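Reckoned from all heavy atoms, side chains included, excluding hydrogens, waters and symmetry mates. Protein chains get the first letters and strands the later ones, always in sequence-line order, with residue 1 at the start of each. Everything numeric in this text was worked out from a predicted model, so none of it was measured.
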2 protein chains.
Amino acid sequence: MARNTINISGNLFGLILAVLESAPLHGYGIAREIESRSADALSFGEGTLYPALRALEQDRFIESGWDTSGPGAARKVYSLTPSGTQELARVRQAWLDYSRSVDKVMGAQARPTTA
Amino acid sequence: MARNTINISGNLFGLILAVLESAPLHGYGIAREIESRSADALSFGEGTLYPALRALEQDRFIESGWDTSGPGAARKVYSLTPSGTQELARVRQAWLDYSRSVDKVMGAQARPTTA
DNA sequence: AAGTATACATCGATTATCGATGTATTGCCA
DNA sequence: TGGCAATACATCGATAATCGATGTATACTT
């Protein structure tokens, strides 16, 4: 990757949790949903996704179960735990604080203070 | 550092370039200025700062000279090159694109489209 | 029959950032 | 005048996040 390209940059956990807030979803679907919501601006490979899911599950922010009902390969479906909902609120606030701070330093437009 | 803490996260180069856009400044002063503009929300140690300055200088986005006029230790004063001004425009746009995308996925307020 | 999309997973490499440590000067205050 | 904090440079190893490549398998489409 070219140096200094802004990619996922530390927000992957928040992105995943935010997607799971809407509904339980399997790994592959989470990645597609993040791409879709961001109009393909945010995208990452499996080597980024699956370790992140494992870390979030280990921290009990998400939990998983296998869905073998549909056709095709079995899907590992993840859902937010109560602790994960709390964590989402935390990282969402952290993101707002951080991005407003960067805006200030970079001299971008102020965004509404409504958190 | 705790896992999943949003820190500088890939924007350090942009932050430095943005500060230097206002006026030439030495390393220590750049760090203080970023802290000050962000109300201490963005902060980092010398082990982060100096390698970043060296990389930016190697890429010819900034250039340096020693200021021995004042009291105290000599200051290495950095200033933006024309190429650095271009680079700043590029990373500033990249930051806006990126942060708007994260906002979309995280479900934050939309920020004004005025770039 | 071939190719694409879905869906899981691992692995090593790279890179950014962190945290600790070191040197030296200046100014302040007790 | 002794000590501490602030200023100001710098290096170094550790860590953690992310990348990119690779692998398996099924399903659907052409």
Between C:dA9, C:dC18, D:dA10, spot the one nearest the side chain of B:K76, thanks.
D:dA10
Checking B:R60 side chain against B:T81 main chain: does a donor-acceptor pair fall under 3.5 Å?
no
In whole angstroms, how far is the P atom of D:dT7 from the CD atom of B:E33?
13 Å
To the nearest angstrom, the CD-P distance between B:E35 and D:dT7 comes to 10 Å
Rounded off to whole Å, could you give me the CD-to-C1' distance for the A:Q58 and D:dA16 pair?
14 Å
For C:dC8 and A:Y28 - does any side-chain N or O of the residue sit under 4.0 Å from the phosphate oxygens OP1/OP2?
no
4.5 Å side-chain heavy-atom contact, B:S99 and A:M106
no
When you measure from the side chain of B:S38 to the backbone of A:S101, do you find a donor-acceptor pair of N or O atoms at a distance under 3.5 Å?
no
Among A:E57, A:H26, A:E63, the one residue meeting side-chain contact (heavy atoms from CB on, under 4.5 Å) with A:Y78:
A:E57
Spacing between A:I34 atom CD1 and D:dT18 atom C1', to the nearest angstrom:
14 Å
Any side-chain heavy atom of B:V91 sitting closer than 4.5 Å to one from B:F13?
no
Protein N or O to nucleotides 22-30 of chain D N or O, pairs below 3.5 Å:
none

Can you check whether A:I34 reaches A:F44 side chain to side chain, under 4.5 Å on heavy atoms?
yes
Closer to the 5' end of DNA chain D via nearest nucleotide, is it A:A52 or B:G27?
B:G27
Whole angstroms only, please: what is the CG-C1' distance between B:L49 and C:dT17?
12 Å
Quick check on DNA chain D: between B:G29 and A:P51, whose nearest nucleotide comes earlier from the 5' end?
B:G29
Would you indicate what B:G47 reaches in the nucleic acid, counting non-hydrogen atoms under 4.0 angstrom: base, sugar-phosphate, or nothing?
base
When you measure from the side chain of A:S36 to the backbone N and O of A:R32, does any donor-acceptor pair fall under 3.5 Å?
no
Would you mind reading off the distance between B:Y98 atom OH and D:dT18 atom P, rounded to a whole angstrom?
8 Å
Length of the line joining A:R54:CZ and C:dT10:C1', which is rounded to integer Å:
8 Å
B:T48 side chain: which of D:dC9, C:dT17, C:dA9 is closest?
C:dT17
Which nucleotide in the set D:dA10, C:dC18, D:dT18 lies at the smallest distance from any side-chain heavy atom of B:Y50?
D:dA10
Between C:dT10 (P) and A:L53 (CG): distance, integer Å:
11 Å
